[in-house]
Amino acid sequence: MRLQSNSVVPHRSPEPTQIPRHIFVTGGVVSSLGKGLTASSLGHLLRARGLSVKMQKLDPYINVDPGTMNPFQHGEVFVTADGTEADLDIGHYERFLDIELSGAANATTGQVYSRVIARERRGEYLGDTVQVIPHIVDEIKARMRAQATPEEGEAPDIIITEIGGTVGDIESLPFLEAARQVRQDLGRENVFFLHVSLVPFIPTSGELKTKPTQHSVAELRGLGIQPDAIVCRTDRELPEGVKRKIAMMCDVDLEAVVTCQDAPSIYEIPRVLHGEGLDAYVVRRLGVPFRDVDWSDWDRVLTQVREPKHAVEIAVVGKYVDLPDAYLSVIEALKAGGFAHSAKVEIRWVPSDECDSAAGAEAALGGVDGVLVPGGFGVRGVEGKLGALRWAREGRVPTLGICLGLQCMVIEYARNVLGIQEANSSEFDPDTTEPVVATMEEQREFVEGEGDLGGTMRLGDYPAVLVEGSVVAEAYGSGVATERHRHRYEVGNAYRQRLEEAGLHASGVSPDRELVEYVELSREAHPFYVGTQAHPEFRSRPARPHPLFAGLIGAALEARKVEA
């Protein structure tokens, strides 16, 4: 099933644009202002106006991708359908626009320099001295425009590119120069610069201060870029006088100064920006055909956000819970699962170490309506995840295990139901005598330290065949499911029959039946106890909740009703 895009009321019949227009989103003053959410919301509005939109994030860090980065530093690693490990903002883009993006949606300094150095080694520059300008900048420009000429399908009407970091950062300078040159190459009428800046309120003086924004724009103009519009992040409404001052001092139209006040939900932001007229200004400035927005679909989402009829509490048991961004897509998928049942989902963050004993699990999890064990790597916290799963399994608390969560379900069941006390994963104990979870053979050399860790996993879309009549088949409403993956370890085939006979069913397998993709307990044994090797959270959408998350929330609501 697919989410239908926002219905629209024709303003005038759209005609194909001659070349894809480009919108660059930059940030000033401080980081974490919400450039990604601003870009996503604008993309949503342009899609709702009948335009095809692609999005892109340019990250100035030297890592090739975030795949080997600590979640405490970088947050979640988002995975695209084609198997690219990408920045978490790509997840915002996909959720807000309900589109699937490719690896072209994320580029890093590491990728750019790796490509340029490889070309230099092959002699492709014919002896030239390789420099930031033109060689690095040209490579960045090529990546900026890659989605304008896709190998398959039609070119989009609009490409929105978010440039990571803050104006003034040394790392961002080549990306900003490349963006400036793209405007020169395509013509000023085909490129739009949107600057997101902070307008702080100083309590001691009781004033909103525009000077930080003025300095940020001055820095941007010093690099040869004049913003076309400014989104002002603030905790309160901007008076007309403040907007006029920003417009005058930063040389933008008054209607191009947009207030983006803190909102109670990220899903309110498209409404906020539309109310400020940003999308209307952009389509007029770029000269693209457009339609008027009909908000019926998105307003249904907002109704669920603002007026839920029920509430459930779900425990997320993980080892990165001190930084919720490490589980960003999981949290948004849980919220969307709640939308499917008009329920508000409250998250109880549970460090997995707290659940490594029965008493600890009861203290940490007592009273929750459901449990979710997300993915992760490494042995730290695993015993606590096993303890949490045993507590949920024996207490018949609805549970969903994702990736490592499925692997822990298998280990816990093997130990406590099959009685295999040494059951383990070769990831956690390479010398285990009972590897109920083990590495894929083709990846063994990497896990044993004989190769690079980057890009060595089962990544991206893989199909699974679902067992007829199973919980997962009923949830999906299909006998086949395709989900995105990010893992190295699989359920040991030598143990599959014993697990099946003991009641933990392999309810979804790869088409060749070699790999276990889903496990579950029967409905008679447990109201909802499902694990998947995949990361279904990456396919969840606000208006199209993922069936497994909707299933978890539905089971949690049903269990609460039974208890009542």
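Remember, predicted model here, so these are calculated numbers, not experimental data.
No side-chain donor from either of Ser425 and Gln407 sits under 3.5 Å from a side-chain acceptor of the other. A donor-acceptor contact closer than 3.5 angstrom is absent between the side chains of Gln56 and Glu162. For the residue pair Asn106/Asp59, the side-chain donor-acceptor check at 3.5 Å is satisfied. For the residue pair Glu154 / Ser52, no side-chain donor-acceptor distance below 3.5 Å is found, with atom types taken as modelled. Looking only at atom types and distance, the side chain of His535 has no donor-acceptor partner in the side chain of Arg486 under 3.5 Å away.
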Run the ring-ring contact (aromatic ring centres under 6.0 Å, His included) test on Tyr476 and His546 for me, step by step, so that the C-alpha distance in whole Å, both residues' side-chain angles and the decisive distance to 0.1 Å come before the verdict.
CA-CA 9 Å; Tyr476 279 100; His546 192 281; 5.5 Å; yes

List the steps, then state whether side-chain contact (heavy atoms from CB on, under 4.5 Å) holds for Phe549 with Leu372.
CA-CA 10 Å; Phe549 287 88; Leu372 187 144; 3.6 Å; yes

Taking it one step at a time, do Ile411 and Phe428 satisfy side-chain contact (heavy atoms from CB on, under 4.5 Å)?
CA-CA 11 Å; Ile411 296 169; Phe428 313 137; 4.1 Å; yes

Run the side-chain contact (heavy atoms from CB on, under 4.5 Å) test on Val382 and Cys408 for me, step by step, so that the C-alpha distance in whole Å, both residues' side-chain angles and the decisive distance to 0.1 Å come before the verdict.
CA-CA 8 Å; Val382 166; Cys408 288; 4.2 Å; yes

Could you walk me through whether Thr80 and Glu100 pass the side-chain hydrogen bond (donor to acceptor under 3.5 Å, both in side chains) check?
CA-CA 7 Å; Thr80 58; Glu100 286 200 349; over 6 Å; no

Yes or no on side-chain hydrogen bond (donor to acceptor under 3.5 Å, both in side chains) for Thr482 and Asp461, after CA distance, side-chain angles and deciding distance?
CA-CA 6 Å; Thr482 298; Asp461 276 356; over 6 Å; no

Leu515/Arg458 under side-chain contact (heavy atoms from CB on, under 4.5 Å): CA gap, chis, key distance, verdict
CA-CA 12 Å; Leu515 303 174; Arg458 189 148 72 100; 3.6 Å; yes

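Remark: Gln111 CD to Ile140 CD1 distance equals 11.0 Å, nearest 0.5 Å. Separating the CD1 atom in Ile136 from the CZ atom in Arg115 is a distance of 11.5 Å, to the nearest 0.5 Å. Atom CD1 of Ile23 and atom OG1 of Thr161 lie 9.5 Å apart (nearest 0.5 Å). The line from CG of Leu42 to OG1 of Thr38 is 9.0 Å long, rounded to the nearest 0.5 Å. For the atom pair CD1 (Ile160) and CG (Leu194), the distance works out to 9.0 Å, reported to the nearest 0.5 Å. Phe175 CZ to Asp169 CG: the interatomic distance, rounded to the nearest 0.5 Å, is 11.5 Å.
Judged by the 6.0 Å distance and 45° axis criteria, Arg284 is not positioned over the aromatic ring of Tyr281.
Judged purely by atom type and a 3.5 angstrom limit, Arg291 has no side-chain atom pairing as donor or acceptor with the backbone of Leu51. Formation of a donor-acceptor pair under 3.5 Å by the Arg233 side chain with backbone atoms of Leu33 is found in this model. When atom types are taken as modelled, the side chain of Ser510 and the backbone of Ala464 share no donor-acceptor pair closer than 3.5 angstrom. At distances below 3.5 Å, not a single donor-acceptor pair connects side-chain atoms of Ser470 with backbone N or O atoms of Gly508. A distance-only check finds a donor-acceptor pair linking the side chain of Asn493 to the backbone of Glu514 [under 3.5 Å]. At least one donor-acceptor pair closer than 3.5 Å links the side chain of Gln147 to the backbone N or O of Met55. Put simply, the side chain of Asn63 never gets that close to the backbone of Asp65: no donor and acceptor are under 3.5 Å apart. Without hydrogens or angle criteria, Glu76 side chain to Ser329 main chain gives a donor-acceptor distance under 3.5 Å. Judged purely by atom type and a 3.5 angstrom limit, Asp228 uses its side chain to pair as donor or acceptor with the backbone of Phe193.
In this structure, Arg539 does not pair ionically with Glu94, as no charged nitrogen and carboxylate oxygen lie closer than 4.0 Å. Ionic pairing of Arg484 and Glu517 is not present here: no N-O contact between side-chain nitrogen and carboxylate oxygen is shorter than 4.0 angstrom. Between Glu268 and Arg271 no salt bridge is recorded (no basic side-chain N to carboxylate O distance below 4.0 Å). A salt bridge does not link Arg21 to Glu189: none of the charged nitrogens lies less than 4.0 Å from a carboxylate oxygen. Salt-bridge formation is not detected for the pair Asp89/Lys35: no Lys NZ or Arg NE/NH1/NH2 atom is positioned less than 4.0 Å from an Asp or Glu carboxylate oxygen. Salt bridge status for Asp185 with Arg183: absent, with no side-chain N to carboxylate O gap under 4.0 Å.
Looking only at side-chain heavy atoms (C-beta outward), Val53 and Pro156 stay at 4.5 Å or farther from each other. Proximity of Gln181 to Val137: side-chain heavy atoms (C-beta onward) are separated by under 4.5 Å at one or more points. Counting heavy atoms from C-beta outward, Thr26 and Leu176 have side chains that approach closer than 4.5 Å. When side chains are defined from C-beta on, Gln131 does not count as touching Ile133, because their heavy atoms never get closer than 4.5 Å. Side-chain contact between Arg47 and Phe96: absent, with no pair of heavy atoms (C-beta onward) separated by less than 4.5 Å. Proximity of Val116 to Tyr125: side-chain heavy atoms (C-beta onward) are separated by under 4.5 Å at one or more points. Between Met409 and Thr399, some side-chain heavy-atom pair lies under the 4.5 Å cut-off. Counting only heavy atoms from C-beta outward, the side chains of Val437 and Glu490 never approach each other to under 4.5 Å.
By the 30° and 60° cut-offs, the orientation of the rings of His44 relative to Trp298 is tilted.
Minimum heavy-atom separation, Ala534 to Ile402: O-CG2, 3.4 Å. Heavy atoms only, all atoms of each residue included: Gly375 and Tyr327 are closest at O-CE2, 4.0 Å. Across all non-hydrogen atoms, the minimal contact from Ala48 to Val293 is CB-CG1, 3.9 Å. The two residues Leu548 and Val530 make their nearest non-hydrogen contact at CD2-CG1, 4.5 Å. Minimum interatomic distance between Glu85 and Pro66 (heavy atoms only, all atoms of both residues): O-CD, 3.4 Å. The two residues Tyr489 and Thr439 make their nearest non-hydrogen contact at CD2-N, 3.3 Å.
Summarising the local packing, CZ of Arg119 is surrounded by more than 12 heavy atoms from other residues, nucleotides or ligands at distances under 6.0 Å. Within a 6.0 Å sphere centred on CZ of Arg188, heavy atoms belonging to other residues, nucleotides or ligands number 12 at most.
Side-chain rings of Phe192 and Phe24 stay apart, their centers remaining 6.0 Å or farther from each other.
The only option from Gln304, Lys335, Glu332 that meets the side chain to side chain donor-acceptor pair (under 3.5 Å) definition with Tyr267 turns out to be Glu332.
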